Number of protein chains: 2
Amino acid sequence: MAGQVQRQTGVALWRQIADRIRQAISAGAYDETGMVPPETVLALQFGVNRHTVRSAIAALAQEGIVRAVQGRGTLIERKERLNFPITRRTRFTSGIGEQAREMRALLLSHSEEKADADVARGLKIRPGEPVIRMETVRKADGRPVSCATAWFPAARFGGMPDAYKRTESITRAFAELGLSDYVRSTTEITAIHADEADTIALELAPGAILLITKAVNTDLEGVPVQYAISRFAADRVQFTIEN
Amino acid sequence: MAGQVQRQTGVALWRQIADRIRQAISAGAYDETGMVPPETVLALQFGVNRHTVRSAIAALAQEGIVRAVQGRGTLIERKERLNFPITRRTRFTSGIGEQAREMRALLLSHSEEKADADVARGLKIRPGEPVIRMETVRKADGRPVSCATAWFPAARFGGMPDAYKRTESITRAFAELGLSDYVRSTTEITAIHADEADTIALELAPGAILLITKAVNTDLEGVPVQYAISRFAADRVQFTIEN
DNA sequence: TTTAAATGTCTATTGATATAGACAACTATA
DNA sequence: TATAGTTGTCTATATCAATAGACATTTAAA
């Protein structure tokens, strides 16, 4: 842990400390006790006032990561980080496997629109051709994990929103629409700060980090069937690439 | 762009705005003029005072991304984002290709130590076995891109630090030590906030984002030869995975 | 039942962040 | 050479973030 906090950076000390503690928890640093060290210890460790540590812990409690109990200490409530393997056969829902008891995928909105340059490049179609656009949120055990915007060629997958709403799965929706199998062609990964909309949708602390993937899925002939930009809560997930 | 800024989040408005503008620049939003919009326009856009925008621009100028010229406007100095393909044949230096004129790899420090649990798992050796540890920084055209901590089995690659210092390349250093080829086995990607040490080493704005990769390279027989944890400046890079 | 150790609450003070307005200085152009 | 449009500087004020200290309240263990 250690590593001092920085002052006058535009990021409040309590937020920096909250980020550090969240990280330490998910790295298993406090597994022995199942508790965060006492406020006075943390204050000494980070070289700040106890009240500043309290602000940090209050933020983590707000996120549901810890629960402070007067007289006992601050208990760790949640420490998981979901792992997403990125392979040729990347699947969102089944990829989670036993890491969560329940995965839900919710369709927030959908529309038919004309492909812009970015989408057209991903789907290998001409700009202006009709595409289905879907905005989705995926949750693991009720906890939001990612927001995604996905585009499908309208000619082939006009029924996508309906099928997705019913099946809550891209894989199953594709199957209903006659595509029994598909593969991940390319994935592009970046990281940015969450904006307001994603902060709300993902129930994040403001200023949180998003891992962004831009992915293209194709059918077995290599024809693109889906282009998706997904925004993952960085402190809840990791990606693994097996080569 | 748009998307309002958030108040009372522990992240100062000027920092949020700086992050947005940096992102917009790298997305090419201001390519037509090569300039950031006037302060008054940005202030209106973000719904903040002009002075707040000025703080944001001052931070970006500090990073060398923009340069404000009295009477003219705020010129964009730099907007590149390096792309790192992650494949079975991932190479750092040659992977950059023509994206930068000059790549340099600097060895900050090295030591021989005993493998801890994490390193032992990566290198598939027993905890406690001797490993060479190297701390490195890699720069593209003089701009720091990543910090890395790398471990090698000491028995086989004792000469690694020397060879790396001379060749400034893992690939060439391996070659000098008799390993003509190697492949990327696994890569794990996460994102966190930069701590103080990395902020300094990577010349980052405090509160910046790091993309973290944990990677295992093996020889052609599948025996691990390197385990590395790299920390990339998230606003300077992206990863692509081709399947 | 004490006591130590932990979190919870309150008051006060200082420094950083943000707003507001006015005006100076510089640049490019009509 | 004006003038519009831009960045630079200054003062003042309000709010948030951080420190400091004192003491209350709760829990678990001696």
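Reminder, nothing fancy here: chain letters follow the sequence lines and each chain counts from 1. Quick caveat, the model's predicted, so the values are computed rather than measured. Hydrogens, waters and symmetry mates are skipped; everything else that's a heavy atom, side chains included, is used.
- Atom pair A:Arg50:CZ and D:dA20:C1' shows a separation of 12 Å (rounding to whole Å applied).
- The minimum heavy-atom distance linking B:Glu77 with B:Val66 is given by the pair CG-C, 3.8 Å.
- For A:His51 and D:dA20, a side-chain-to-base donor-acceptor distance below 3.5 Å is present, hydrogens and geometry of angles not being considered.
- The nearest heavy atom of DNA chain D to A:Gly71 and to B:Gly71 marks one nucleotide each, and the one closer to the 5' end goes with B:Gly71.
- Look at CG on A:Leu42: it is 14 Å from P on D:dT19, rounded to the nearest Å.
- The shortest distance between the side-chain N/O atoms of A:Thr52 and the OP1/OP2 oxygens of D:dA17 is not below 4.0 Å.
- One interatomic measurement links the two molecules: CE of B:Met35 to C1' of D:dG5, which rounds to 11 Å at whole-angstrom precision.
- In this structure, A:Thr74 reaches the sugar-phosphate backbone alone: every heavy-atom distance under 4.0 Å involves primed, P, OP1 or OP2 atoms, never a base.
- Counting all heavy atoms, side chain and backbone alike, A:Cys147 lies closest to A:Val137 at SG-CG2, 4.1 Å.
- A 4.0 Å heavy-atom criterion places the boundary nucleotides of DNA chain C facing chain B at C:dT17 to C:dA28, written 5' to 3'.
- At a cut-off of 3.5 angstrom, the base of D:dT6 holds no donor-acceptor pair with the side chain of B:Gln70.
- Nucleotide D:dG8 holds its P atom 11 Å from the CZ atom of B:Arg67, rounded to whole Å.
- Sorted by first and then second residue, the salt bridge (charged side-chain N to carboxylate O under 4.0 Å, His left out) pairs involving residues 27-45 of chain A (not counting sequence neighbours) are A:Asp31-A:Lys79, A:Glu39-A:Arg50, A:Glu39-A:Arg54.
- D:dA14 atom P lies 15 Å from atom CG of B:Asn49, rounded to whole Å.
- Within the 4.5 Å cutoff, the side chain of A:Ile189 has heavy atoms near those of the A:Ile86 side chain.
- Scanning both residues, A:Leu107 and A:Tyr164, for their nearest heavy atoms gives CB-CD2, 4.1 Å.
- With sequence neighbours excluded, the residues satisfying side chain to side chain donor-acceptor pair (under 3.5 Å) with A:Ser230 are A:Arg138.
- Contact record, B:Val131 with B:Lys114: CG2-C, 4.2 Å, taken as the closest heavy-atom pair.
- Whole-Å rounding puts the B:Arg72 CZ to D:dA4 C1' distance at 16 Å.
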